Amino acid sequence: MYCKTHVMAAGKLINIREMSERSSVAASTLRYYEKLGLITSERGASGSHRRYSEATFHRITYITLAQRAGFSLEEIAEQLAILPNIHPLPPKVWEPLRKKWEQRIDQSIVELKQLKVDLRRCTRDASR
């Protein structure tokens with residue numbers, strides 16, 4: 001997933017199936033994120049159907065990208081707790097998080113390079 005945008009009409013709410021399609025996140029995962037408090041939904045008068053806003057779509061995108069960067073859901077929850085509920089994020093808010101993300105990505109690159117070296121060593125040793 002890349003940082004994609006889907007424009008929704010102001011104030012429009014979409015159901016879980018539509019949100020799943022737009023965000024490429026399974027409905028079961030959306031329910032799990034809600035259970036953890038990472039996202040919220042609005043319920044109709046009957047209280048049975050989840051409805052999501054554009055702001056929730058942006059939070060889901062953030063969660064998905066943060067997971068790809070290697071952050072746990074607990075770490076993501078901490079990050080989301082300090083973010084204002086606006087999109088796009090102001091640079092002064094995003095900059096410290098961007099630095100954390102880049103450090104995490106750089107760390108993953110180092111670890112993957114080491115894994116590649118270790119794999120080659122194991123392959124070499126196995127062929128002796």
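We use all heavy atoms of the structure for the numbers below, so side chains are in, but hydrogens, waters and symmetry mates are not. Source: prediction; values computed, not measured.
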Taking all atoms of both residues into account, what is the closest heavy-atom pair of [X] and [Y], and its distance?
X   : Y   : result
V93 : L89 : CG1-CD2, 4.4 Å
A27 : S20 : N-OG, 3.6 Å
L97 : Q79 : CD2-CG, 3.8 Å

At what distance, to the nearest 0.5 angstrom, does [atom1] of [X] lie from [atom2] of [Y]?
X   : Y   : atom1 : atom2 : result
R31 : I39 : CZ    : CD1   : 10.5 Å
I76 : Q67 : CD1   : CD    : 4.5 Å
S41 : N15 : OG    : CG    : 11.5 Å
R50 : L30 : CZ    : CG    : 9.0 Å
L83 : H58 : CG    : NE2   : 13.0 Å
E34 : T29 : CD    : OG1   : 13.0 Å

Side chain to side chain contact (heavy atoms under 4.5 Å, CB included) with [X]: which residues, sequence neighbours excluded?
X    : answer
V117 : Q114, R121
I109 : I105, D106, K113
E111 : Q107

Non-neighbouring partners of Y33 that pass ring pair (Phe, Tyr, Trp, His ring centres under 6.0 Å), sequence neighbours left out: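 Checked Y33 against ring pair (Phe, Tyr, Trp, His ring centres under 6.0 Å); zero matches.
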I63 and L80, any side-chain heavy atoms less than 4.5 Å apart: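 SC-SC contact between L80 and I63 confirmed.
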Parallel, tilted or perpendicular: ring planes of W101 versus F71, cut at 30 and 60 degrees: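 Tilted: the ring planes of W101 and F71 meet at 30° to 60°.
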Side-chain donor or acceptor of [X] paired with backbone N/O of [Y] under 3.5 Å:
X    : Y    : answer
R51  : L13  : yes
T123 : L119 : yes
S23  : M19  : yes

Connected hydrophobic set around L115, excluding itself, where side chains approach under 4.5 Å: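 Other cluster members: L112.
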Basic-acidic side-chain contact under 4.0 Å: K12, E54: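 Not counted as a salt bridge, because no side-chain N and carboxylate O are separated by less than 4.0 Å.
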Other residues, nucleotides, ligands: >12 heavy atoms within 6.0 Å of R124 CZ: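 Enclosed: over 12 neighbouring heavy atoms sit under 6.0 Å from CZ of R124.
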Side chain to side chain contact (heavy atoms under 4.5 Å, CB included) assessment of H87 paired with R59: CA-CA 9 Å; H87 183 79; R59 287 177 73 87; over 6 Å; no
Listed once per pair and sorted, the salt bridge (charged side-chain N to carboxylate O under 4.0 Å, His left out) pairs that draw on residues 81-100, sequence neighbours left out: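 Every pair satisfying salt bridge (charged side-chain N to carboxylate O under 4.0 Å, His left out) with a residue in residues 81-100: E95-R98, R98-E102.
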R22 NZ/CZ over F57 ring centroid, <6.0 Å and within 45° of normal: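 So R22 doesn't make the cation-pi contact.
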